[in-house]
Structures are given as structure tokens and as C-alpha cells.
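Data block below; observations after.
Just so you know, these numbers come straight off a predicted model, no measurement behind them. Numbering of ligands and ligand atoms starts at 1, following listing order. Just so you know, residue 1 is the first one in the sequence shown, and it goes up from there. Note that these values count all heavy atoms, side chains included, but never hydrogens, waters or copies made by symmetry.
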Amino acid sequence: MAQAERKDSGLFITFEGPEGAGKTTQITLLEQRLATQGRTVTRTREPGGDSVGERVRELLLNGSPGVEAELLLFAAARAQNVQTVVRPALEAGHVVLCDRFIDSTVAYQGFARGLNRDFINRINVFATGGLMPDRTYLLDLPVADGLLRRHQDTEQNRLDRESLSFHEKVRDGFLSLVQDNTQRIILIDASRSVDAVSRDLWESIQQLL
Ligand code: TYD
């Protein structure tokens, strides 16, 4: 996927992974550490971002869209998030931390649901206008471990309740994306302690900054 030329001074970092990988906890820790360094951070998530994206999120996680509508709704939320949250923050020189982005669509709707991956790539480019993350962290852990963590939460959404084989395909999809994007995506073993994972992330991000 060709990266559209960027003229902003921000840094765009995305976090991906199967269910229960601990992205939310890690993003919160990172956000705090970056703030103590004096960086301005904008945190966002997909689906979500602004009020339109959050309403689409509601439809996606609690509604029952078909497979095609699901893909288009994720893309709609992305287009909105990029336009109203991510780009303006990058232009203002912020570090943008985004919980899930294009790779989730490839893993979930492509690898797991089986939709055409070339088509998904084109939809992603349309939704983002070609904006690519400067860095993506894949927080990886065995599916059973992630689902166990998730089942201990009270909040389970429609996608969490998919079969084990669906989640295995999602994880395989993410791992294959790492292989194909070695410059952009860094694999982090998220089966370890919160501290160990956050240490690795911090070290890696320091190099990027
Ligand atoms: P969320 O509660 O944010 O899950 P998590 O905490 O694991 O990130 O719900 C987002 C769900 O939507 C999650 O199951 C992944 C899925 N998803 C897709 O299927 N495609 C996408 O493009 C995106 C962004 C998310």
C-alpha cells in the first residue's frame, strides 16, 4: 500500500491484537509516560473516535450487521476517525495512539470472515486517504489466554463471542501481517506481565521518538 506523503510533524502509532491482549491497559500507561515527557498525546480508538464513529461502534458491537455491512461500517468509522481526529492531531504535532486500525479489518473481516483481501485493502485506502501508521505494535498472545482474560470481564461484545476457530484465524491473520510489514509492525509478546510488556513498548517508542 503506497504511503501518501505526510507533511505533519506528528507521530501516528497504532495498536493491534487479538481479544484480551491488554491494549487498553498498555495504551493508558504509554499515554501517561508520554505526557510526563511533555508530549501532547491524542488517544483514539476504532471503531470510534468522534460522536459519529462512536454511534457506528454501537451498531457494530451491539447490532447484528451482515458480513458486508460490517466491513463497510468499520470503514465508515475509520474514515470519520481519520478525518476528524487523527489528521488534525497529527497536523498539530501530537503523538496519536490509536487502538486498532487498518490491520484489524484485514485480520477480522479478511482472514477470519473470508472477505476478499484486495478489496479490503482498497476500502482501507479509501477510508484513510492513504494515511498509514508510522508504527504498529501487535500485542500477541495465544487465543485461549486472551479469551480467558476477556471472559473475566463483564463487557463482552458480539465479536468476542465468535468461535475459537474464528479467533485463531484472526491471530494467524495478524501474524501474517507482521511477516509482510516488517518495517512497520512490531510483534510484542503480550502473554507476559503488564510491566514486561510496557517496558518493551516504552523502549521501542523511545527509539521512534
Ligand atoms: P473492542 O471492545 O474495542 O475490542 P478490543 O478491546 O479487543 O479492541 O471491540 C472492537 C471489536 O471490533 C474487536 O472485536 C475487533 C473488531 N474489529 C473488527 O472486526 N474490524 C475492524 O476493522 C476493527 C477496527 C475492529
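- Both tests pass for R117 against the ring of F111: distance under 6.0 Å to the centre and angle within 45° of the axis.
- Listed by number with element, the atoms of ligand 1 under 4.0 angstrom from any heavy atom of Q109 are 18 (C), 19 (O), 20 (N), 21 (C), 22 (O).
- Residue-ligand proximity, T105 to ligand 1, at heavy-atom distances under 4.0 Å covers atoms 21 (C), 22 (O).
- Only side-chain heavy atoms of N157 come within less than 4.0 Å of ligand 1; its backbone N, CA, C and O stay farther off.
- Under the 3.5 Å distance criterion, with hydrogens and angles disregarded, a donor-acceptor pair is assigned to the side chains of T28 and R43.
- Side-chain atoms of S191 and D189 form a donor-acceptor pair, as typed in the model, at a separation below 3.5 Å.
- Near L159, the atoms of ligand 1 lying under 4.0 angstrom from a non-hydrogen atom of the residue are 12 (O), 14 (O), 16 (C), 19 (O).
- With rounding to the nearest 0.5 Å, the separation of OG1 in T40 from CG in L34 is 10.0 Å.
- Note on ligand 1: R57 sits in its first shell, one or more heavy atoms being nearer than 4.0 Å.
- For atom 14 (O) of ligand 1, the closest non-hydrogen atom on the protein side is E19 OE2, 2.8 Å.
- Relative to the ring axis of F101, R78 places its NZ or CZ within 45° and under 6.0 Å from the centre.
- With hydrogens and angles left out, the side-chain atoms of T44 and N81 include a donor and acceptor closer than 3.5 Å.
- Heavy-atom distances between E70 and ligand 1 stay at or above 4.0 Å for every pair.
- Only the side chain of L61 comes within 4.0 Å of ligand 1, counting heavy atoms alone; its backbone N, CA, C and O stay farther away.
- Of all atoms in ligand 1, listed by their number and element, those nearer than 4.0 Å to a heavy atom of E46 are 24 (C).
- Here is the list of ligand 1 atoms found below 4.0 Å of a heavy atom in R78: 22 (O), 24 (C).
- Across E16, K23, R158, E162, heavy-atom proximity to atom 5 (P) of ligand 1 is greatest for K23.
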